[in-house]
Amino acid sequence: MYTLKKDVIFANTKIIMSTPKKEYSRITTNSLSEMKQNGEKIAMLTAYDYTLANIIDRAGIDIILVGDSASNVMAGHETTLPITLDHMIYHAASVVRGTKRALVVVDLPFGTYQADSKEALRSAIKIMKESGAHAVKLEGGKLAKDSIDRILQAGIPVMGHLGLTPQSIYKFGTYTVRAKEENEALELLEDAKLLEQMGCFGIVLEKIPSILAGEVAKKISTPIIGIGAGNKVDGQVLVLHDMLGMTKEFSPRFLRRYLDLDNEISTAIKSYSSDVKSGDFPNKKEQY
Ligand code: KIV
């Protein structure tokens with residue numbers, strides 16, 4: 001799938017740098033479907049601010065999701081439900097300013113698209129106009145059909161989200177693996193087909209069995225991005241703060257931590273505090 005370029009050894013970690021099959025100066029929804037056709041995996045991460053979006057973009061991530069997980073990791077809420085449309089637009093506009101290459105997708109927050117399709121369209125238009133983002137994402141299959149249809153007809157690209165849908169947490173009561181039973185799995189497959197037929201440019205599948213996710217990715221042409229959905233899909237997404245090791249209390253099996261930033265940041269802050277208190281900072285070179 002990837003052409004091996006070089007092996008680089010960093011500390012104890014062997015990092016394999018790879019070259020994508022085709023270089024893209026700007027990722028579009030068409031690039032994503034081309035990547036699926038070429039068997040090139042799609043890398044997606046969340047971001048909520050300018051600085052981190054800029055780092056992620058320069059590192060070559062294909063899709064930046066301004067997720068409603070901002071409600072958890074940025075605002076400290078227990079669920080994604082409290083975040084508002086204006087909060088999402090504030091985060092999204094900051095991310096867009098930091099991004100040159102990635103496709104920026106913004107979650108429609110809870111309560112801004114469920115009541116009726118006209119409200120859904122108004123919310124999507126507000127996001128596109130006020131943030132400059134490139135697409136929206138919303139949770140649900142056939143229940144969200146009218147809203148998705150109306151948004152797509154207005155020319156706004158839509159990404160679907162099936163499986164574990166955190167905005168419905170109070171309906172289900174838990175964050176456990178979804179679609180383990182046959183009827184739920186068949187329903188998910190039908191929902192994915194519906195999203196494909198309507199013209200969604202991608203679908204996030206969250207926390208479902210790997211075999212089911214692989215089957216969906218094989219049966220439909222829409223790029224499938226997994227989180228806790230195994231490696232038989234077309235790409236992966238993680239919440240940035242989780243993969244950087246900033247959210248210690250959250251440890252699902254699917255999460256791979258690439259850094260222990262909680263520890264790193266805490267060590268740096270303690271050193272700074274100690275330097276201030278001892279009078280060591282600032283020294284002669286650090287003043288005018
Ligand atoms: O809000 C979010 O971060 C998401 C991802 C978990 C896919 O929807």
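Order of listing sets the numbers, starting from 1, for every ligand and every atom in it. Every heavy atom of this structure was used, including side-chain atoms; hydrogens, water molecules and symmetry mates were not.
- Taking any N or O of Asp68, backbone or side chain, at least one lies under 3.5 Å from an N or O belonging to ligand 1.
- Close contacts of ligand 1 with Val239, meaning ligand atoms under 4.0 Å from a residue heavy atom, involve 3 (O).
- Within ligand 1, the atoms closer than 4.0 Å to a non-hydrogen atom of Ile227 are 6 (C), numbered from 1 in the order shown.
- Looking only at distances, a side-chain donor or acceptor of Asp116 sits under 3.5 Å from a matching main-chain atom of Lys118.
- A donor-acceptor contact closer than 3.5 angstrom is absent between the side chains of Glu206 and Tyr175.
- In the vicinity of Gly67, heavy-atom distances shorter than 4.0 Å reach the ligand 1 atoms 1 (O), 2 (C), 3 (O).
- Among all heavy-atom pairs drawn from Gly226 and Gln236, the shortest one is O-OE1, 3.1 Å.
- Interface of Asp107 with ligand 1, defined as ligand atoms under 4.0 Å from a residue heavy atom, comprises 1 (O), 2 (C), 8 (O).
- Ranking protein heavy atoms by distance to atom 2 (C) of ligand 1, first place goes to Ser69 OG, 3.3 Å.
- The shortest separation from a heavy atom of Lys137 to ligand 1 is under 4.0 Å, placing the residue in contact.
- Remark: aromatic rings of Phe250 and His241 are distant, center separation not under 6.0 Å.
- Partner Ile227 forms a side-chain contact (heavy atoms from CB on, under 4.5 Å) with one of Leu65, Leu205, Val204 and no other, that one being Val204.
- Side-chain contact annotation: Ser168 with Tyr170, donor-acceptor N/O pair under 3.5 Å absent.
- Checking only distances, Tyr48 never comes within under 3.5 Å of ligand 1, N or O to N or O.
- Listed by number with element, the atoms of ligand 1 under 4.0 Å from a non-hydrogen atom of Thr46 are 3 (O).
- If you check the side chains of Ser31 and Thr28, you find a donor sitting under 3.5 Å from an acceptor.
- Less than 4.0 angstrom separates some heavy atom of His161 from each of these atoms of ligand 1: 8 (O).
- Shortest contact from atom 5 (C) of ligand 1 to any protein heavy atom: Leu65 CD2, 3.8 Å.
- Glu78 and Asn72 form no side-chain donor-acceptor contact under 3.5 Å, judged by distance and modelled atom types alone.
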